[in-house]
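Both ligands and their constituent atoms are indexed starting at 1 by order of listing.
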Amino acid sequence: MNAAGQNRTFETGELLARYVSGWLCDLAAASAGRFAVCLSGGSTPKQLYQHFAIPPLAARFPWSRIHWFWGDERFVPHDHPDSNYGMAFEAFLSRAPVPPENIHAIPTEGMTPEQSAAAYEATLRRFYGSGTLTPERTLFDVTLLGIGDDGHTASLFPGAATLDERVRRVVAADSPFPPPRRLTITPPVIAAARRTAMIVSDRDKAGIVQRALEGPRDPHALPSQLALGGVWILDRDAASRLTPVPA
Ligand code: 6PG
C-alpha cells in the first residue's frame with residue numbers, strides 16, 4: 001500500500017494489460033444486470049483495450065450487459081487519429097460482439113463542444129435514472145483513468161475551473177495539449193464510480209506518479225489525485241520513483 005492508497009505494479013505493460021483486462025472481465029461476469037465501464041483515453045490504455053477482444057478472455061466478457069462510456073473525449077471526429085472513441089473502436093469495439101446500443105460515445109460532430117457536453121450529460125442522466133448523484137448509488141461500476149505529464153486526468157487540467165464543478169457531470173474544457181477542445185466528466189462523476197483504476201505505464205510518468213501518490217494532496221494542482229481513493233495499477237517503469245514499501 002502506498003502512502004495514499006492501494007497500488008499494484010507489474011513488470012511490463014503487457015502483464016499489466018493482461019491483469020487489468022482479466023480483472024475487469026471477472027468483475028463484469030460476477031455482476032448482475034448492467035455493468036457500466038468508463039474508459040480513459042490517450043495512448044496508454046490501447047494495449048489494455050486490445051486484450052478485451054483477444055480469445056479466450058473475449059469469450060468470457062458478458063458483452064450484452066456491459067455498457068461503455070468515456071471519461072473524456074477530444075473534440076474531433078470519431079474517425080480522427082486523436083479520437084478516444086476511435087482508439088477504443090479500433091482496439092476492441094469493432095472486434096467484439098458489443099451491442100451498438102451499449103456504446104455511449106461522446107458526440108463530437110455537428111455541434112459545439114458545449115452542446116456535446118449537454119448531450120453527453122443527458123446520456124449519463126438517462127443511464128443513471130435520477131437527477132442527483134449519490135454515493136450510495138454509483139454511476140459507473142468501473143472508471144479507468146490515466147495521468148498526463150502535468151498530472152491531469154480525464155480532461156481535468158491543473159488549476160482549471162472545471163475542478164470546482166459540482167453540478168454538471170460533463171463540461172467542455174480547454175486543453176494545453178492538442179487537440180485544444182475537449183469534453184470531460186467532472187469530479188462528482190469520478191467520485192460516483194464503484195471502483196476507480198488509474199492505469200499508468202512508461203518511465204516518463206514515474207515522476208508525476210511519485211508526486212501524485214507520495215506528494216502533498218492538492219487535486220487542484222494534481223487532478224489525478226481525484227483517483228487516490230482507487231487502485232493505481234502501474235508497470236515497473238511508472239512505479240520506479242516510488243518509495244519502496246518494506247517487505
Ligand atoms: C486523454 C485522456 C487523458 C490521458 C492522459 C494520459 O484524452 O488524453 O483521457 O487523461 O489519460 O493524458 O495520456 P497517455 O496515455 O497518452 O499518456
Side-chain angles (χ1 to χ4, degrees), residues 10 12-14 16-17 20-21 37-51 68-91 93 104-108 113 116-117 120 140 142-160 162-163 165 169-187 189-190 193 196-213 219-228 230-235 237-240:
F10 292 86
T12 65
E14 170 62 21
L16 182 155
V20 177
S21 53
V37 178
C38 183
L39 297 171
S40 64
S43 56
T44 299
K46 183 169 185 178
Q47 184 178 18
L48 164 60
Y49 297 167
Q50 289 170 333
H51 275 268
W68 304 94
F69 297 84
W70 278 260
D72 72 327
E73 184 55 279
R74 291 81 178 275
F75 196 67
V76 295
H78 283 161
D79 60 0
H80 188 282
D82 287 339
S83 168
N84 287 337
Y85 166 83
M87 182 272 277
F89 184 81
E90 171 54 31
L93 291 173
H104 308 279
I106 300 175
T108 58
S116 167
Y120 196 54
F140 297 132
V142 174
T143 292
L144 302 178
L145 291 170
I147 185 171
D149 295 335
D150 61 350
H152 78 261
T153 197
S155 285
L156 295 166
F157 295 97
T162 49
L163 291 161
E165 180 62 50
R169 301 180 188 189
V170 186
V171 293
D174 294 321
S175 166
F177 308 102
R181 298 306 316 271
R182 311 275 182 113
L183 286 311
T184 186
I185 56 174
T186 56
V189 174
I190 291 178
T196 303
M198 174 65 77
I199 314 291
V200 195
S201 56
D202 291 339
R203 189 166 294 275
D204 61 353
K205 297 285 179 70
I208 199 67
V209 165
Q210 192 274 334
R211 275 186 59 203
L213 286 177
H220 264 79
L222 282 177
S224 51
Q225 290 187 329
L226 292 169
L228 287 180
V231 61
W232 287 52
I233 305 176
L234 314 167
D235 74 356
D237 287 340
S240 58

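- Proximity of I233 to F10: side-chain heavy atoms (C-beta onward) are separated by under 4.5 Å at one or more points.
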Protein N/O near ligand 1 N/O, under 3.5 Å, which pairs?
{"residue": "ligand 1", "atom": "7 (O)", "partner": "D72", "partner atom": "OD1", "Å": "3.4"}
{"residue": "ligand 1", "atom": "7 (O)", "partner": "D72", "partner atom": "OD2", "Å": "2.8"}
{"residue": "ligand 1", "atom": "7 (O)", "partner": "R74", "partner atom": "NE", "Å": "2.9"}
{"residue": "ligand 1", "atom": "7 (O)", "partner": "N84", "partner atom": "ND2", "Å": "2.9"}
{"residue": "ligand 1", "atom": "8 (O)", "partner": "R74", "partner atom": "NH2", "Å": "2.8"}
{"residue": "ligand 1", "atom": "9 (O)", "partner": "G41", "partner atom": "N", "Å": "3.2"}
{"residue": "ligand 1", "atom": "9 (O)", "partner": "D72", "partner atom": "OD1", "Å": "2.6"}
{"residue": "ligand 1", "atom": "9 (O)", "partner": "D72", "partner atom": "OD2", "Å": "3.1"}
{"residue": "ligand 1", "atom": "10 (O)", "partner": "A154", "partner atom": "N", "Å": "3.2"}
{"residue": "ligand 1", "atom": "10 (O)", "partner": "A154", "partner atom": "O", "Å": "2.7"}
{"residue": "ligand 1", "atom": "12 (O)", "partner": "H152", "partner atom": "NE2", "Å": "2.7"}
{"residue": "ligand 1", "atom": "15 (O)", "partner": "S43", "partner atom": "N", "Å": "3.3"}
{"residue": "ligand 1", "atom": "15 (O)", "partner": "T44", "partner atom": "N", "Å": "2.8"}
{"residue": "ligand 1", "atom": "15 (O)", "partner": "T44", "partner atom": "OG1", "Å": "2.6"}
{"residue": "ligand 1", "atom": "16 (O)", "partner": "S43", "partner atom": "N", "Å": "2.8"}
{"residue": "ligand 1", "atom": "16 (O)", "partner": "S43", "partner atom": "OG", "Å": "2.8"}
{"residue": "ligand 1", "atom": "17 (O)", "partner": "K205", "partner atom": "NZ", "Å": "2.7"}

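- Remark: the backbone N or O of G230 is not paired with any side-chain donor or acceptor of T196 at under 3.5 angstrom.
- The closest side-chain heavy-atom distance from S116 to I106 is below 4.5 Å.
- Remark: the backbone N or O of D204 is not paired with any side-chain donor or acceptor of D237 at under 3.5 angstrom.
- Using modelled atom types, one finds no donor on one side chain facing an acceptor on the other under 3.5 Å when comparing R181 with S175.
- Under the 30°/60° scheme for interplanar angles, the aromatic rings of F69 and H104 are found to lie parallel.
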